[in-house]
Amino acid sequence: MRDTFQRIEERSFYALVVFGLLLVMVGLGAVYYMEEHGHAVTGMNNQVVWGMPHVFAIFLITAASGVLNVASIGSVFGKPVYKARAPLSGLLSLTMLAGGLMVLMLDLGRPDRVIIAATHYNLTSVFAWNAILYPGLFGIVGVYIWTMMDHSMKAYSKIAGFSAFIWRFILTTGTGSIFGFLVARQAYQSAVLAPMFIVMSFAWGLAVFLLVQSSMYLWNGVALPPPIQRRMTRLLGIFIAGALYFVLVYHMTNLYFSRQEAFEHFILLDGGIFPILFWGGFVLLGSILPLALLLHPELGGRRATILASLLVIFGALCHLYVFIIGGEVYPLDIFPGFSAASTFGDGVVGQYAPSLPEFLLGIGGLALAFVATVIGVRILRFMPQDDFTILTGGKNVH
Amino acid sequence: MSDKTPNQSRRAFVATAGAAAAGVMIAPGVHLIEVASARPAGEAASRTVRWGMLVDVTKCQEGCTACVSACNKENALETALPQNQAPQWIRKVDLKDKSTGRALSLPMMCQHCEKPPCVDVCPTGASFKRADGIVLVDRHICIGCRYCMMACPYKARSFVHETLENQNPEVPRGKGCVEACTMCVHRVDKGQQPACVQACGAEGHAAILFGDLNDGASEIAKRIRSVATSQVRADLQLNPGVRYQGI
C-alpha cells in the first residue's frame with residue numbers, strides 16, 4: 001500500500017518536470033530581458049517600486065513559513081496525524097522559499113550583486129534580518145527533514161522541529177515588519193502587520209499543503225481518510241477566519257484615525273481595481289466562499305477542499321496586490337493639510353500596469369517550487385504515512 | 001601665514017577670492033562665503049560640519065524650474081523615459097492649503113535627515129550618511145532592492161530604470177541602483193554651491209540658501225535662528241538638513 005503511495009506514474013512525472021522547468025526557463029528569460037533593458041520595460045516606476053514580482057515572492061515566502069505549521073502541530077504539539085505530514089510540510093517550505101527567493105532576488109536592480117546582500121549587513125534593516133532568516137530557515141528545515149527521514153537522527157527530530165517552529169515565527173514577523181516598520185506610508189507603519197502576516201501564513205501555507213496533499217493522494221488513486229480530511233479542512237477554516245479577523249482589525253484601526261480616512265476610502269471604496277480585488281478577490285472568493293466550502297456540513301469533501309485551497313491562494317494574491325501595490329500607488333501625505341501637484345506624482349494616485357515579464361518571473365518562481373516539490377516527492381518518502389491503527393481507533397483523529 | 005605651505009596659502013587665497021567674487025555677483029543679502037572652503041582631496045568629511053539648506057518659499061516662484069534644470073544638467077539626469085520612471089532628484093511641488101486656498105511652490109529633494117529612514121532600512125549599508133550630514137548611496141554596494149524608496153517619507157529617491165550614457169564623470173550613476181540628491185557633494189567638496197542653489201540665485205530668486213548649520217556664524221545658521229522655519233514632516237522627528245521658511 002505504501003509503495004503504491006510512493007509511485008508516481010513515470011511518464012507523467014517527467015512531463016510535469018519538463019513542464020515546470022520550461023516555466024522556470026521562461027521566467028529566467030523574462031529576468032534576462034528586464035536586466036538587459038532595465039526596469040524601464042516593467043510596469044514599475046518611481047512610485048510603485050515593488051510590483052508583481054513582489055506579490056508572488058511575498059506570497060511564496062509567507063506560505064513557506066505557514067506550511068511548516070503542519071509539521072509544528074505534529075512535532076511540537078505531538079499530534080500523530082500531523083506528524084505523518086511533517087516531512088511533506090518541510091519539503092513544501094523549502095521549495096516555496098526557494099521559489100520566493102528566486103523571484104525576490106532576480107527582481108533586484110542588481111541581481112548580480114546578491115552576494116553583497118550576504119556579505120554586507122546593516123543590522124537596522126529588516127531586509128538584512130531576512131538575509132539571515134531565509135538561509136537560516138533552509139538550514140533548519142533541511143536538518144529537520146533529515147532528522148525525520150534518517151532513523152539514526154530521530155532523537156534530534158523534536159529539537160529540530162521546535163527550532164523550525166520558533167524560526168518561522170521570527171521569519172514571518174520579519175516579513176510583516178518589512179512593511180510594519182515603514183514610517184511614512186499610510187498603508188503600512190502598523191505593529192499589527194507582523195501578527196497579521198503570521199496568521200495569513202498559516203492559512204496560505206495550509207491551503208498549499210492541502211492542495212499538494214490532495215493532488216498526491218489523487219495521483220496515487222488513494223483517498224485521504226475522511227477524519228483526517230475533516231480535521232485539516234476545519235483547521236484551514238479557522239486560519240482563514242483568523243486572517244480575516246486581522247485584516248478587519250487593521251482596517252478598523254485605520255478607519256478610526258482621521259488622517260487615514262482618505263486612504264481607507266481609496267482601498268475599500270473608490271480606488272478602482274483595489275476595492276474590487278479586496279472585496280471580490282480576498283474577502284468573497286478568497287475567504288467567505290472557502291469558509292463555506294470547508295465548514296458546510298454537506299460539503300468539505302476532497303473536491304471542496306481542493307477548490308477552497310485554490311480560492312484561498314487566489315485570495316492571498318489578490319490581498320497582496322491590494323496591500324503592496326495599493327499601498328504604493330496611494331500618494332504620500334508629505335504636506336498634511338495641503339493638496340500637492342508635481343512632475344513626480346505628488347498628490348495623485350500612481351499608475352501601475354503589471355508587465356508580462358513581471359508575471360513570467362512570478363510564474364517562474366511558482367514553477368521552481370512546483371518542480372522541486374515534484375522531484376522531492378518522487379525521490380524521497382514525503383507521502384504522508386498514516387498509522388491506520390491509530391486512525392481507526394479514532395483516539396487521535398477527532 | 002608663515003606656518004602654511006605655499007600651496008595651502010594659494011588654495012586659501014583662490015578660495016577666498018572666488019567666494020568674494022561670487023558674493024559680489026549674487027544678489028545682495030546672499031552670502032556664499034561660508035561654503036567657499038574646499039576640502040582637500042583625501043581628507044575625510046568633518047563631523048563638525050552639517051551641510052544644510054534653507055528654502056525661502058516666499059521667494060520661490062511658481063512655474064520657475066531653474067533649480068530642476070540645473071540639477072538635471074549637473075548630474076546628467078536627462079532621459080527619454082516617461083515621467084514616472086525618469087529620475088528626479090529635485091522637483092517643484094505646487095501646494096494649496098486645503099482650508100484657506102493659499103498657494104505656494106517649493107523645491108523638494110532629499111532632506112538629508114539626521115536620522116534617515118533610508119539608511120535604517122538599507123540591507124547592505126549602501127545608503128549612508130556622511131559625517132557632514134549629506135545622505136548618499138554607495139553605488140558599489142547598492143543591490144537595487146528599492147526598500148529605501150519605500151521608506152523615504154519625502155519620495156526623494158529615484159531608481160535607475162535604464163542603461164545610462166553620457167554620465168558626468170564626477171557623478172557616477174548606475175542602472176539598477178537607487179539614487180537621490182547628493183547635495184552636489186562633488187561641488188561642495190570643491191567649495192562650490194550645489195547646482196540648484198546657484199541656479200536659483202542666478203535666476204534672481206535666491207530662494208535657497210546653502211551652508212553649514214553647525215557654524216553659528218554662517219548665514220544659514222543666523223537665518224534659522226532669527227526667522228520661523230519648518231521641517232517637512234517634523235512629526236517624524238528625522239531632523240532634516242533642509243529647512244523651509246514660509247510654508
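All chains are named by letter (A, B, ...) in the order of the sequence lines, taking the proteins before the strands, and each is independently numbered beginning at 1.
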Would you mind checking which part of A:Ala131 comes under 4.5 Å of any heavy atom in chain B, side chain (CB onward), backbone (N, CA, C, O), both or neither? neither
Counting only heavy atoms closer than 4.5 Å, note whether B:Ile141 contacts chain A via side chain, backbone, both or neither. both
Ring-plane angle category for A:His319 and A:Phe278, please: parallel below 30°, perpendicular beyond 60°, tilted otherwise. tilted
Just to be sure I understand the criterion: a residue of residues 146-157 of chain B counts if one of its heavy atoms is under 4.5 Å from a heavy atom of chain A. Which ones qualify? B:Arg146, B:Tyr147, B:Met149, B:Met150, B:Ala151, B:Cys152, B:Pro153, B:Tyr154, B:Lys155, B:Arg157
Checking A:Ile178 against chain B: side chain, backbone, both or neither under 4.5 Å from a heavy atom? both
So for A:Pro336, is it side chain, backbone, both, or neither that comes closer than 4.5 Å to the heavy atoms of chain B? side chain
Measure across A:Arg185 and A:Leu332 and return the closest heavy-atom pair with its distance rounded to 0.1 Å. CG-CD2, 3.9 Å
Students often mix this up, so state it plainly: with edges at 30° and 60°, are the rings of A:Phe127 and A:Trp50 parallel, tilted or perpendicular? parallel
For A:Phe344, which atoms come within 4.5 Å of any heavy atom of chain B: side chain, backbone, both, or neither? both
When the 4.5 angstrom heavy-atom criterion is applied to B:Val68 and chain A, the contacting part is neither
Relative to chain B, which segment of A:Glu35 carries a heavy atom at a distance below 4.5 Å: side chain, backbone, both, or neither? backbone
Can you pull out every side chain to side chain donor-acceptor pair (under 3.5 Å) where at least one residue sits in residues 344-355 of chain A? Sequence neighbours excluded, please. A:Ser342-A:Asp346, A:Asp346-B:Arg91, A:Tyr352-A:Glu358, A:Ser355-A:Glu358
Heavy-atom distances under 4.5 Å only: say whether B:Leu106 touches chain A with side chain, backbone, both or neither. side chain
A:Leu320 and A:Val55: which non-hydrogen atoms are nearest, and at how many Å? CD1-O, 3.5 Å
Counting only heavy atoms closer than 4.5 Å, note whether B:Ala103 contacts chain A via side chain, backbone, both or neither. neither
Please flag which part of A:Asn130 lies under 4.5 Å from any non-hydrogen atom of chain B: side chain, backbone, both or neither. neither
If I measure from the heavy atoms of chain B, does A:Met105 come under 4.5 Å with its side chain, its backbone, both, or neither? neither
